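See structure below.
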Amino acid sequence: MSTYTATKLTPMLESHDMPATLTFYSEILNFTCVAKSDDLSWLTLSKDGIEMMFCAPNQHRNIPKPIMSGSLYINTNEVAALWENLKDLCDICYPLEDFDYGMREFAIYDNNGYLLQFGQDL
């Protein structure tokens, strides 16, 4: 196998409601839309060096609803303040909590059902 350098990881997630996804990430989570297709079948969102892409279903991978067995974990410097801002705006997986492994975190679901965890070192 040849040696290569991986320079970045950008999740590409499927959304069946691209306008709602754009609204959720830009208005609720304060991401910026940095690129999108004219028909809104694809978009890239960014915040503080974090980048995510979303695409509409297509013939290559057309699933009935978005699925992901894991979560997207976002480290932040103000997890308690973020929790206060989001707790009444989102579907909650679990509330702000301190864990034995040294993190204070909470988890929400985005408009597609993807699990987003936000954490800060204790």
Side-chain angles (χ1 to χ4, degrees):
M1 175 181 223
S2 65
T3 303
Y4 71 95
T5 301
T7 61
K8 184 177 180 181
L9 172 66
T10 304
M12 170 69 89
L13 304 173
E14 195 168 281
S15 173
H16 287 256
D17 189 343
M18 294 293 284
T21 296
L22 178 58
T23 298
F24 181 87
Y25 281 88
S26 62
E27 294 182 14
I28 306 273
L29 296 182
N30 295 316
F31 276 68
T32 300
C33 183
V34 295
K36 63 182 177 176
S37 62
D38 290 339
D39 64 357
L40 202 60
S41 62
W42 167 86
L43 58 85
T44 299
L45 300 156
S46 178
K47 177 162 179 48
D48 304 323
I50 294 172
E51 194 171 86
M52 300 171 66
M53 292 190 285
F54 286 89
C55 66
N58 61 56
Q59 69 273 13
H60 301 291
R61 186 174 183 263
N62 190 6
I63 54 174
K65 68 178 201 168
I67 58 170
M68 183 170 51
S69 63
S71 66
L72 298 172
Y73 197 98
I74 301 171
N75 290 78
T76 180
N77 64 337
E78 293 290 339
V79 73
L82 186 58
W83 165 250
E84 289 301 320
N85 290 336
L86 296 178
K87 68 181 181 178
D88 297 324
L89 300 174
C90 304
D91 291 332
I92 307 300
C93 178
Y94 62 88
L96 186 65
E97 189 175 341
D98 292 347
F99 290 91
D100 292 340
Y101 47 84
M103 296 297 290
R104 174 173 290 155
E105 63 188 47
F106 68 91
I108 62 170
Y109 296 100
D110 78 354
N111 65 295
N112 302 292
Y114 294 121
L115 181 60
L116 306 175
Q117 293 173 269
F118 296 87
Q120 180 177 7
D121 291 326
L122 287 172

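The structure displayed is predicted, hence computed values, not measured ones.
Taking the side chain as every heavy atom from C-beta outward, Met12 and Cys55 approach each other to under 4.5 Å. Using a 4.5 Å heavy-atom cutoff, the side chains of Gln117 and Leu72 are not in contact. Annotation: side chain of Asn112 is not in contact with side chain of Phe24 (no heavy-atom distance under 4.5 Å). Side chains of Met52 and Tyr114 form no contact here, defined as non-hydrogen atoms less than 4.5 Å apart. Taking the side chain as every heavy atom from C-beta outward, Phe54 and Asp17 never approach each other to under 4.5 Å.
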Distance-only donor-acceptor pairs under 3.5 Å for side chains of residues 25-38, two or more places apart:
unit_1, atom_1, unit_2, atom_2, d
Tyr25, OH, Asp110, OD2, 2.7
Ser26, OG, Leu22, O, 2.6
Ser37, OG, Asp39, OD1, 2.8
Ser37, OG, Leu40, N, 3.3
Ser37, OG, Ser41, N, 2.9
Ser37, OG, Ser41, OG, 3.3
Ser37, OG, Trp42, N, 3.2

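Nearest heavy atom pair, residue Met103 against residue Asn75, reads CE-ND2, 3.7 Å. Smallest separation of non-hydrogen atoms from Ser15 and Pro57: O-CD, 3.3 Å. The two atoms that bring Ala56 and Glu14 nearest to each other are C-CG, 4.3 Å, heavy atoms only. In terms of heavy-atom proximity, Ile108 sits nearest to Cys90 at CD1-SG, 3.7 Å.
Criterion: ILVMFWY side-chain heavy atoms under 4.5 Å apart, direct or through other members. Under it, Leu82 and Ile50 are part of a common hydrophobic cluster. In the hydrophobic clustering of this structure, Phe99 does not group with Trp83; members are Ile, Leu, Val, Met, Phe, Trp, Tyr whose side-chain heavy atoms approach within less than 4.5 Å, directly or through other members. Clustering ILVMFWY residues whenever any of their side-chain heavy atoms sit less than 4.5 angstrom apart, transitively, puts Leu89 in the very cluster that holds Leu116.
Distance CG/Leu86 to CZ/Phe106: 5.0 Å, rounded to 0.5 Å. With values rounded to the nearest 0.5 angstrom, Arg104 atom CZ is found 4.0 Å from Asp98 atom CG.
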Using the rule given for side-chain contact (heavy atoms from CB on, under 4.5 Å), can you reason through Leu115 versus Met68, listing the C-alpha separation, both sets of side-chain angles and the distance that settles it, and then say yes or no?
CA-CA 8 Å; Leu115 181 60; Met68 183 170 51; 5.8 Å; no
CA sep, side-chain torsions, deciding dist, call: Glu105, Leu96, side-chain contact (heavy atoms from CB on, under 4.5 Å)
CA-CA 5 Å; Glu105 63 188 47; Leu96 186 65; 5.9 Å; no
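Proximity of a side-chain donor or acceptor of Glu51 to a complementary backbone N or O of Ser46 within less than 3.5 Å is not detected.
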